[in-house]
Amino acid sequence: MKIEQADRLKQLPPYLFAQIDRKKAELAAKGVDIISLGVGDPDLPTPSHIIDRLKQASGDPANHQYPSYEGMLSFRQAAADWCRGRFDIDLDPENEIVSLIGSKEGIAHVPLAFVNPGEVVLCPDPAYPVYNIGTLFAGGEPYIMPLLEENGFLPDLDAIPAQILTRARLLFLNYPNNPTSAGATLDFFSQVVNFAGKHGIIVCHDAAYTEVFFDDDPPPSFLQVPGAREVCLEFHSLSKTYNMTGWRIGFACGNPDAVAGLGGIKTNIDSGVFQAVQEAAIEAMSSDQEPVAELRRIYKARRDLACDFLRKKGFSFSVPKATFYVWVRTPEGLGSARFVSRVLQETGVVLTPGNGFGEFGEGFFRISLTVNEDRLKEALDRLDTVQW
Ligand SMILES: *Cc1c(COP(=O)(O)O)cnc(C)c1O
């Protein structure tokens, strides 16, 4: 029997990292010491007090049964308290917060709750691919909003045609941004609130990187803007903040009807997050936040190393104020894929080609600062040997 995949899988854009994965495997087989500055997965371990809480909570039989789909009230309360402490916003844990199996899960599922086949989702490009793919899986039509350097990598909402806006249901945003590392101001968010209210569009703000910042001025939540709760569902993740990518926990918060819609999908698809993991997340959010400050110091030192090198070599980029990524223009005339594959071939250093995040990422590459300083220095020394 020939197993045919459904059109929703077959229609997916080509996997642009396949060639790099192949070359990486080829070099590794030859014994080349590969340094990956490719993936956005923190190299540092989860703080030990969080692990201890999991160990303890996993022994409690009450945690061995199905959790509630929306998350334990104590988890949602801890998330609300964390949001109040960090952003000075008030969320009702009863109906304005839902737990997620990592924020990716919620982002992928949210179009199923609000987008009918043929309706439009406004998706940034370059971007985290899940906005686009979640839309396609729901039968929606992604409308690409280019994030251009001259606009500070913010979408130009005025450029979206009226006939698109009448069909648009969701707008995805992500600040601080992966892959560009750009930030957004409250003033921009405020414009988006007006825009969304006017056109009846739900703003889905991916806030995965609000805690990875290097300024005195921490990145805002979209929900800080007056009126935001009318239009916004914000996705928070513990993955990058507490080095918990493997644990799979996050939450969505904001407009209660939006929270209920996403919850309605989830209750029919998954059965929530293992309660011991929720308890560990409560520990992460409620305890002393010094480990997060330490994490920021570590990424900042790496950022400075990478940026000093890039500056010295004459690359064009902005010094990131947040995220653990540096978004850099490829040397004159070189396409993203060619540049990255040449660097890998000559040095064993893996970079991410910008076009892997969409067509408007072409002409850029992304450096991920998720290796220790020694490895990063080694990677930069190797990059120094490449002629372009
Ligand atoms: C890492 C990342 C996420 C996913 O985080 P999880 O909570 O681990 O699912 C979401 N959005 C962006 C932009 C990311 O880079």
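Just so you know, ligand 1 is whichever comes first in the structure, and atom 1 is the first atom listed for that ligand. Given the structure is predicted, the values throughout are model-derived calculations rather than measurements. Just so you know, residue 1 is the first one in the sequence shown, and it goes up from there.
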Exercise for review: Please indicate whether any nitrogen or oxygen in Asn178 is less than 3.5 Å from any nitrogen or oxygen in ligand 1.
Suggested key: yes
Exercise for review: Using distance alone, decide if ligand 1 has a nitrogen or oxygen within less than 3.5 Å of any nitrogen or oxygen in Lys104.
Suggested key: yes
Revision key, fill the gap. Checking heavy-atom distances from atom 9 (O) of ligand 1 to each of Arg248, Lys240, Glu105, Met244, the winner is Arg248
Practice item. Quick one: look at Tyr209 and ligand 1, take heavy-atom pairs under 4.0 Å, and tell me if it's side chain, backbone, both or neither. Key: side chain
Exercise for review: Tell me which part of Ser103 gets within contact of ligand 1: side chain, backbone, both or neither, using heavy atoms under 4.0 Å.
Suggested key: both
Exercise for review: Compute the ring centroids of His205 and Phe189, then answer whether they are less than 6.0 Å apart.
Suggested key: yes
Check your understanding: Ring centroid separation for Trp82 and Phe87, is it under 6.0 angstrom?
Key -> yes
Practice item. Please report the shortest heavy-atom distance between Asp43 and Asn372, naming the atom on each side. Key: OD2-N, 3.8 Å
Study note, to complete from the structure: The closest protein heavy-atom partner of atom 11 (N) of ligand 1 is Asp206 OD2, 2.6 Å
Exercise for review: Provide the number and element of each atom of ligand 1 under 4.0 Å from a heavy atom of Gly102.
Suggested key: 7 (O), 9 (O)
Revision key, fill the gap. Ser239 heavy atoms within 4.0 Å reach ligand 1 at atoms 6 (P), 7 (O), 8 (O)
Practice item. Is it possible for you to check whether Arg296 lies under 6.0 Å from the centre of the six-membered ring of Phe213, through NZ or CZ, and within 45° of that ring's axis? Key: yes
Study note, to complete from the structure: Result for ring-ring contact (aromatic ring centres under 6.0 Å, His included) between Phe315 and one of Trp327, Phe309, Phe365 points to Phe365
Practice item. Consider ligand 1: state whether an atom of it lies below 4.0 angstrom from any non-hydrogen atom of Thr245. Key: no
Practice item. For the pair Tyr209 and Tyr325, name the ring-plane relationship: parallel under 30°, tilted 30 to 60°, perpendicular over 60°. Key: perpendicular
Check your understanding: Parallel under 30°, tilted from 30 to 60°, perpendicular over 60°: which one fits the rings of Phe364 and Phe153?
Key -> perpendicular
